[in-house]
Amino acid sequence: MRELPPAAFLHDNLMHNLQTERFFKPVMINNMMAIGDGPIKTFALRGVKDNPPYMHDERLLTLEDTVEFFNLIDGTKLTPQEKKDLVEFLRAL
């Protein structure tokens, strides 16, 4: 595998709405209604294996959890082998 240049952080530096509210019921916490996330900033992938937990709110403890989360959110229907391959790729960045 070829090495990435030092400046390649592998993110688009944009905000994306993953529409996670599709999967959560709104709940009242401290007199505030907790709902979906709304837009979140893309996190960098370079060195991602060294920075758990993942997501802006640290809800995903492993790269496997993260791949499964995005598989569900994006509806990509990755096979078990594709998920394993993707996790190995992320560990190599």
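Numbers for residues simply follow the sequence, beginning at 1. This one's a predicted model, so the numbers in the text were calculated from it and none came from an experiment.
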What distance do Leu86 atom CG and Gln81 atom CD have between them, rounded to the nearest 0.5 Å?
11.5 Å
Identified salt bridge (charged side-chain N to carboxylate O under 4.0 Å, His left out) partner of Glu64 from the options Lys83, Lys84, Arg91
Arg91
Pairwise distance CG(Asp74) to CG(Leu72) - rounded to 0.5 angstrom:
9.0 Å
So do the side chains of Thr66 and Val48 get within less than 4.5 Å of each other, counting heavy atoms only?
no
Do Leu61 and Leu63 sit in one hydrophobic cluster, given that two such residues count as connected whenever their side-chain heavy atoms are within less than 4.5 Å of each other, even indirectly?
no
Which atom names give the shortest non-hydrogen contact between Lys77 and Asn71, and what distance separates them?
N-OD1, 3.1 Å
Distance-minimising heavy-atom pair for Pro53 and Glu58:
CG-CB, 3.4 Å
For atom CE of Met32, decide whether the heavy atoms of other residues, nucleotides or ligands shown that lie under 6.0 angstrom number more than 12.
no
Say you draw a straight line from CZ of Phe89 to CD of Glu82; how long is it, rounded to the nearest 0.5 Å?
14.5 Å
Say whether, by atom type as modelled, one donor and one acceptor occur between the side chain of Tyr54 and the main chain of Asp65 under 3.5 angstrom.
no
